[in-house]
Protein chains: 2
Amino acid sequence: MLPAPFDVLPETAYRVLNLDAGETLFRQGDPSRGIFYLITGSVRLLRFARGGETIVVHRAGPLETFAEASLFVDVYHCDAILEQAAQLVELRRDPVLRQFHSDPLFAMALTSRFATQVQTYRRRLELLAVRSAQERVFTALAEGFLTGDIKTFATEIGLSHEATYRALSHLVRRGHLIKTGRGKYCVKTT
Amino acid sequence: MLPAPFDVLPETAYRVLNLDAGETLFRQGDPSRGIFYLITGSVRLLRFARGGETIVVHRAGPLETFAEASLFVDVYHCDAILEQAAQLVELRRDPVLRQFHSDPLFAMALTSRFATQVQTYRRRLELLAVRSAQERVFTALAEGFLTGDIKTFATEIGLSHEATYRALSHLVRRGHLIKTGRGKYCVKTT
DNA sequence: TTCACCTTATGATTGAAATCATATCTGATG
DNA sequence: CATCAGATATGATTTCAATCATAAGGTGAA
C-alpha cells in the first residue's frame, strides 16, 4: 500500500485517515505529527500573507507525499486543507525517525527519494524557464514528461492545452517530432 | 568554507577544484565521484535529446550544490559543463556515504537539507503557476523570495525585471505593498 | 443506435508580458 | 572629483500564449 521506502515501516508507524473536502488536516503552528501520503483526493497547503491573502504553497494530489520537512522541524509551517475528499496515510514522526536511526538502508532510501525529488523539481523549474511554447513542449517530450494525456502534460509544463496542441503540430510539421498515434508523439531520431 | 551539513566532513572527504569556462566536470555515464558545491562561478547540467538538441537540465550558481543524487546512483545521468570559470568543492561519494552511516546527526541534517529543498522548489513551482505578474510578485514577496536585488528576484519568479518593477509599482499604488527603500518592499499589514 | 461527454485539434481574437529604448540613481574605482 | 558599471525605473512597441469558439474523433452508457 505504501510506496518505497515507507513500505518497510511497521504497522504501528502509520494510520489511514479518511477526510472530507474542506476538512483541516493540520494548521500552521501545530506540533508536527508526521509526513502524509495521499492515496486518493487532494490537499492544499496554505499560508497567509500579512494582508490576509491566502497563498497556496503547494497542492498535493494522488500518490504524492507532503509535509516531509515536518520530520525535522517541530511545528507545521502552513495549513493543510482538504481540497477533495481524500484517503491518506499519516506516517507518524517518531516511528519514522526511529526507523531512520536504526535502519541505514531506510535512511539511505529516504534520503535518496528526497534527492531524486530535488532533481525532478529542478528539471521542471528549468523547463518552465523556457519561454517559447514550442521549445518547452519539445524539451518536455525529450525529457519524458508526456506520460498520460495531453491535457495533464500541458498543465505540468505550464501551458494551456491549446498552446500545447499547436506546439505539437508545429514541431511535427517542422520535422522535430513524429506523431505515433492519437495523443502520442516521440522525438525524431537523427 | 563548506555549508552545513557538510562542514563536519573530514578534510579527506573533499577537494577544491578550479576550472575554466567551457571545461567538462563530468559526462553522462561517468561513474559518479560525488556531490559538488559551487563557491563561485556557474555550471550547466546538460542532457542530449535524440535529435541531437542540447537540453539544459539545470544551471547551478554560486553557493549551490548539485549532483546530489549521484550519492545514490552509480553514474551521472547528465553532462556538467562550466558556464563560467568556477571554484568548486568536490564532496567525494565514499567518504560522504561513510559519514552518513556512522554519524546519525549528519544523516539527519543531510536528509533535512534535501527535504527543505524539495519544499522550496515546490513553492517556486506553485508560484510559477500564478499567471498574473502582479499576483506572482505579491505572492513571491509574501513568501520571502526577495532577498537580494530585484533582477535576481525577477529571474527566480520567472518574470522580466521590467515586468517585475512595473508589478511592484502597481502593487504599491494599489496599496498592497509598502516601499521601504530603494529596491526594498514589504507586504502591507492589515 | 443514440446521446452525452471528454480528448484531440485548429481558427480568431485579445491581452498581458517580453522586448526595446531611455533615463536616473547609486556605488565603486582611479 | 570624474567616470563608469550596474541596479532601478518607466514608456513604447511587439509578440506570443491565453482565451474564446468550434468541430471532429473516440468512448461508454442508456
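Numbered from 1 within each chain, the chains take letters A, B, ... in sequence-line order.
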Indicate whether the side chain of [X] and that of [Y] have a donor and an acceptor atom separated by less than 3.5 Å.
X        : Y        : answer
B/Arg136 : B/Thr164 : no
B/Ser102 : B/Gln99  : no
B/Arg33  : B/Ser70  : no

Report the distance from atom [atom1] of [X] to atom [atom2] of [N], rounded to the nearest whole Å.
X        : N      : atom1 : atom2 : answer
B/Tyr165 : D/dT10 : OH    : P     : 10 Å
A/Lys151 : C/dC5  : NZ    : C1'   : 11 Å
B/Leu146 : D/dT8  : CG    : C1'   : 13 Å
B/Asp149 : D/dA5  : CG    : P     : 18 Å
A/Lys184 : C/dA9  : NZ    : P     : 12 Å
B/Arg173 : D/dA9  : CZ    : P     : 12 Å
A/Leu177 : C/dA9  : CG    : C1'   : 16 Å
B/Phe153 : D/dA7  : CZ    : P     : 16 Å

For a quick test of reading the model, state the closest non-hydrogen atom pair linking [X] to [Y] and the distance between them.
X        : Y        : result
B/Glu126 : A/Val56  : CG-O, 3.1 Å
B/Glu53  : A/His176 : OE2-CD2, 3.7 Å
A/Gly183 : A/Ile150 : O-CD1, 3.7 Å
B/Ala69  : A/Ala115 : CA-CB, 4.1 Å
B/Ala60  : B/Leu38  : O-CD1, 3.3 Å

> Where along nucleotides 15-23 of chain C does protein come under 4.0 Å, by heavy atom, of base (B) or sugar-phosphate alone (S), with - for untouched nucleotides?
Replying inline: --SSBB---
>> Please report the end-to-end axis angle for the helix from C/dT1-D/dA30 to C/dG30-D/dC1, five pairs per end, rounded to 10 degrees.
In response: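 Here the local axes at opposite ends form an angle of 40°.
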>> Check the orientation of A/Phe26 and A/Tyr76. Use parallel for under 30°, tilted for 30 to 60°, and perpendicular for over 60°.
In response: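 If you compare the ring of A/Phe26 with that of A/Tyr76, the planes turn out parallel.
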> B/Lys179 side chain: which of D/dA9, D/dT8, C/dT8 is closest?
Replying inline: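 Of the options given, the side chain of B/Lys179 lies nearest D/dA9.
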